[in-house]
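Fair warning: this is a prediction, and the values are worked out from it, not measured in the lab. Order of the sequence lines sets the chain letters (A, B, ...), proteins ahead of strands, with each chain counted from 1.
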Number of protein chains: 2
Amino acid sequence: MTTPLPLAPTPADAAGCCSPAGPGLDADTATGVARTFKALADPNRVRLLSIVARAEGGEACICDLTDPVGLSQPTVSHHMRLLAEAGLVTREQRGRWAYFAVAPQARQLVESSVAAVLPA
Amino acid sequence: MTTPLPLAPTPADAAGCCSPAGPGLDADTATGVARTFKALADPNRVRLLSIVARAEGGEACICDLTDPVGLSQPTVSHHMRLLAEAGLVTREQRGRWAYFAVAPQARQLVESSVAAVLPA
DNA sequence: CACACGTATTGACAGATGTCGATATGTGCC
DNA sequence: GGCACATATCGACATCTGTCAATACGTGTG
């Protein structure tokens, strides 16, 4: 519970084991960071995102994504939804097709998540 | 199934939808990348890693980790095992205690995973 | 307007994952 | 050797996750 650690900074505690170890990230921040990484924690989502990132014009629609990953259309739709909810891709309905592109803040989102866990 | 239309194979296909979209990352690479992110896809693991990263001396033992995250000792041990298997932390048995530290290649591991998905 | 087509949603299911209590393993101390 | 302690493993359980077939929803086209 965030233990404001008014405890004695000194003594034998550290001697018995190791140092008291600061609180690290708070639960909320950690949840947010984990949410971003969770979106990238599936091989097929990684592939899908990489395809979109490399796509000509920077965007791709579902119909172009199913074949490369070898998944059913609903499954690909599901994965893209997760990527979109994580803020990693954007979805734009244009005519009959839904075009996905890497979100502008995607890179920064991931980088800041990394920085939160592993500060320089 | 790419709809075996006997129609003209060449032209309207690309015109109808978007570009064919390159293959993106291969399955093996994507699996590796996802493995790294999967280790970071749990809030408690994120917290644990951040605690170790910020720990005095750069290392912490299980006994110092259970309290901050509020999990049982077996659960913390389990999470640290996963982080270690992912190559993000190292484990060193010293006396009765097991000291965990951020692995030297941890940052590079994560960074290269990011770069694999989202090339600059 | 009806139809074809691209995409999203639903329902169902197997497998993975996070968690704990109980217990085993290993290590230093008396 | 025996005991106390720190950590790891095991067994069990609830929940989450990835997947597909079936189906619903929009949208342009005839």
- Between C/dA16 atom C1' and B/Glu85 atom CD, what is the distance in whole Å? 14 Å

- Side chain B/Ser77, main chain B/Gln73, donor-acceptor under 3.5 Å: no

- Message: Could you tell me how far apart B/His78 (NE2) and D/dA12 (C1') are, to the nearest whole angstrom?
- Response: 14 Å

- Item | Separation of C/dT19 C1' from B/Met80 CE (nearest whole Å) | 17 Å

- Task: State whether B/Arg45 places a side-chain N or O below 4.0 Å from either non-bridging phosphate oxygen (OP1 or OP2) of C/dG18.
- Result: yes

- Among D/dT9, D/dT19, C/dC20, which nucleotide sits nearest the side chain of B/Ser77? D/dT9

- Could you check which of D/dT29, D/dC5, C/dC20 has an atom nearest any side-chain atom of A/Arg96? D/dT29

- Under 4.0 Å between a side-chain N/O of B/Arg91 and OP1 or OP2 of D/dA8, yes or no? yes

- Item | Donor-acceptor contact present, side-chain B/Arg54 to main-chain A/Pro119, <3.5 Å | no

- Query: Does a side-chain N-to-carboxylate-O contact under 4.0 Å join A/Arg91 and A/Glu59?
  - Reply: no

- Message: Is there a side-chain contact between A/Arg94 and the phosphate of D/dT27, meaning an N or O under 4.0 Å from OP1 or OP2?
- Response: no

- Return yes if a side-chain donor-acceptor contact under 3.5 Å exists between A/Asp26 and A/Thr29, otherwise no. yes

- Task: Side chain of B/Leu82 only, please: which of C/dG18, C/dT9, C/dT17 is the nearest?
- Result: C/dG18

- Regarding the side chain of B/Thr75, the nearest nucleotide among C/dA8, D/dA8, C/dC20 is C/dC20

- Query: Given atom CG of B/Leu65 and atom P of D/dA6, what is their separation to the nearest angstrom?
  - Reply: 14 Å

- Item | For atom NE2 of A/His79 and atom P of D/dG18, their distance in whole Å | 6 Å

- Rounded to whole Å, the CH2-P distance (A/Trp97 to C/dA8) equals 14 Å

- Item | A/Tyr99 OH - D/dG26 P separation (whole Å) | 20 Å

- Grab the CD-P distance between A/Glu92 and D/dT27 for me, whole Å please. 13 Å

- Between D/dT19, C/dT9, D/dA8, which nucleotide gets closest to the side-chain atoms of B/Ala98? D/dA8

- If you check the B/Gln73 side chain, which of D/dG26, D/dT7, C/dT17 turns out closest? D/dT7

- Winner on side-chain proximity to A/Asn44, out of D/dA22, D/dT19, C/dT7, is D/dT19

- Task: Determine: side-chain N/O of A/Lys38 to OP1/OP2 of D/dT17, distance under 4.0 Å, yes or no.
- Result: yes

- Around atom CZ of A/Arg107, are there more than 12 heavy atoms of other residues, nucleotides or ligands at under 6.0 Å? yes

